[in-house]
Amino acid sequence: MDLDLDKYKKAWGNQSEETDKVSKIDIYRMAHSKSSSIVKWIFIIGILELIFWGSINLLFVGSSYNEIYDELHLTALVKISIYLHYFVIILFLVLFYKNYKSISISDSTKKLIRKILNTRKTVKYYVYFNLVYMVLANIVIMCFVFSDLDGLIEYYNNHGMVAADINKSQLLVSLIITMIIVLSLMFLILWLFYKIIYGRLLKKLNKNYKELLKLEDLN
């Protein structure tokens, strides 16, 4: 479709004014179709991502992590964190869907440009939220874990996971180092995912935006 757009643009200079107007309409329709398709895929990927995170949480039900949270009385806090994450993701999905449905073939070039800008902004906020929330939520939960090291040591001792003579300082240092490494890896993986998937879609959307700007300047 990109090749078709380039062919239309190159042909402008060799056409009559009437034919030129027809070509502009064709280019607008193609840009509209591509933009609508991209926004639809953003919505679909958002749904798949929500299903993915839901599946991950279901897999961890009954795991040792949940046992630790139960022992330290943090289960309610973890659940609130998870549900809050789901709630905000669903809000963003609603926005993605509204962005998709709002793109009408009858829109003027200016309206379509504005809607593309709104979609771009929504996606960027979505990515920023997920990255920041992932880090902050885990830090908050770990701070509560650190506040009850006696209970954590007792849990580890009962399950033979640490040496019996380990002290609080050693455990705290090891937990902080582990948390930094794990969070860094999680942040990197999530950032790469968003960079590859959403970044690619936004790049295409931005290309359409520039094409529409050029089309608007020619009117």
Side-chain angles (χ1 to χ4, degrees), residues 1-6 8-9 23-58 78-138 140 186-219:
M1 195 171 286
D2 290 335
L3 292 176
D4 292 337
L5 270 172
D6 292 335
Y8 274 118
K9 288 191 297 180
S23 296
K24 288 179 184 178
I25 293 174
D26 289 337
I27 292 174
Y28 171 82
R29 286 175 177 170
M30 293 177 71
H32 170 276
S33 178
K34 287 177 64 179
S35 300
S36 178
S37 177
I38 292 168
V39 176
K40 180 177 72 175
W41 272 107
I42 289 173
F43 174 64
I44 292 173
I45 292 172
I47 292 177
L48 293 176
E49 187 182 351
L50 180 62
I51 294 173
F52 170 78
W53 288 118
S55 301
I56 290 294
N57 286 318
L58 286 175
V78 173
K79 286 183 177 179
I80 290 172
S81 173
I82 292 173
Y83 295 150
L84 179 60
H85 189 204
Y86 287 162
F87 175 73
V88 178
I89 287 180
I90 290 172
L91 287 182
F92 273 108
L93 287 177
V94 171
L95 290 177
F96 291 160
Y97 181 74
K98 284 185 175 180
N99 287 336
Y100 167 61
K101 295 298 290 185
S102 70
I103 296 179
S104 170
I105 193 66
S106 61
D107 285 339
S108 65
T109 306
K110 286 183 179 179
K111 282 186 178 180
L112 184 54
I113 288 173
R114 187 171 63 251
K115 289 175 180 179
I116 288 176
L117 288 175
N118 288 337
T119 300
R120 254 187 356 182
K121 188 184 298 183
T122 304
V123 173
K124 287 182 179 179
Y125 286 156
Y126 175 73
V127 171
Y128 294 153
F129 165 78
N130 278 307
L131 291 174
V132 173
Y133 188 84
M134 184 271 295
V135 174
L136 290 181
N138 280 280
V140 169
M186 288 173 61
F187 184 90
L188 180 61
I189 292 171
L190 200 58
W191 179 81
L192 286 174
F193 169 79
Y194 288 138
K195 185 73 174 178
I196 293 171
I197 303 299
Y198 289 106
R200 186 177 178 183
L201 291 172
L202 285 181
K203 187 176 180 180
K204 291 181 177 180
L205 200 61
N206 193 52
K207 185 176 181 181
N208 284 359
Y209 164 71
K210 291 179 179 179
E211 296 294 345
L212 287 168
L213 281 181
K214 292 177 184 178
L215 192 63
E216 181 66 17
D217 291 339
L218 290 172
N219 290 336

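Here the structure is a predicted model, which is why all the values come from computation and not from measurement.
- For residues 35-47, the set of pairs meeting the side chain to side chain donor-acceptor pair (under 3.5 Å) definition, not counting sequence neighbours, comprises S35-N208.
- When the options I47, V39, I45 are evaluated for a side-chain contact (heavy atoms from CB on, under 4.5 Å) with F43, the one that passes is I47.
- Under the 30°/60° scheme for interplanar angles, the aromatic rings of Y198 and F193 are found to stand perpendicular.
- Every residue was checked against the side chain to side chain contact (heavy atoms under 4.5 Å, CB included) condition with I196, not counting sequence neighbours, and none meets it.
- Atom OH in Y209 sits 13.0 Å away from atom OG1 in T119 (nearest 0.5 Å).
- Distance check, rounded to the nearest 0.5 Å: CZ of R200 to CD1 of I38 gives 10.5 Å.
- Under the side chain to side chain contact (heavy atoms under 4.5 Å, CB included) criterion, L192 pairs with L188, sequence neighbours left out.
- In this structure, CG in L131 is found 6.5 Å from OH in Y194, a value given to the nearest 0.5 Å.
- In terms of the side chain to side chain contact (heavy atoms under 4.5 Å, CB included) criterion, residue partners of L95 (sequence neighbours excluded) are, by chain and number, F92, T122.
- Among residues two or more places apart in sequence or in another chain, the side chain to side chain donor-acceptor pair (under 3.5 Å) test is passed with Y86 by N57.
- Looking at W53 and I82, their side chains never come closer than 4.5 Å, going by heavy atoms from C-beta outward.
- Residues passing the ring pair (Phe, Tyr, Trp, His ring centres under 6.0 Å) test with Y133 are H85, F129, sequence neighbours excluded.
- In terms of modelled atom types and a separation under 3.5 Å, the side chain of N206 and the main chain of L202 share no donor-acceptor contact.
- Looking at E49 and I197, their side chains never come closer than 4.5 Å, going by heavy atoms from C-beta outward.
- Using a 4.5 Å heavy-atom cutoff, the side chains of I89 and N130 are in contact.
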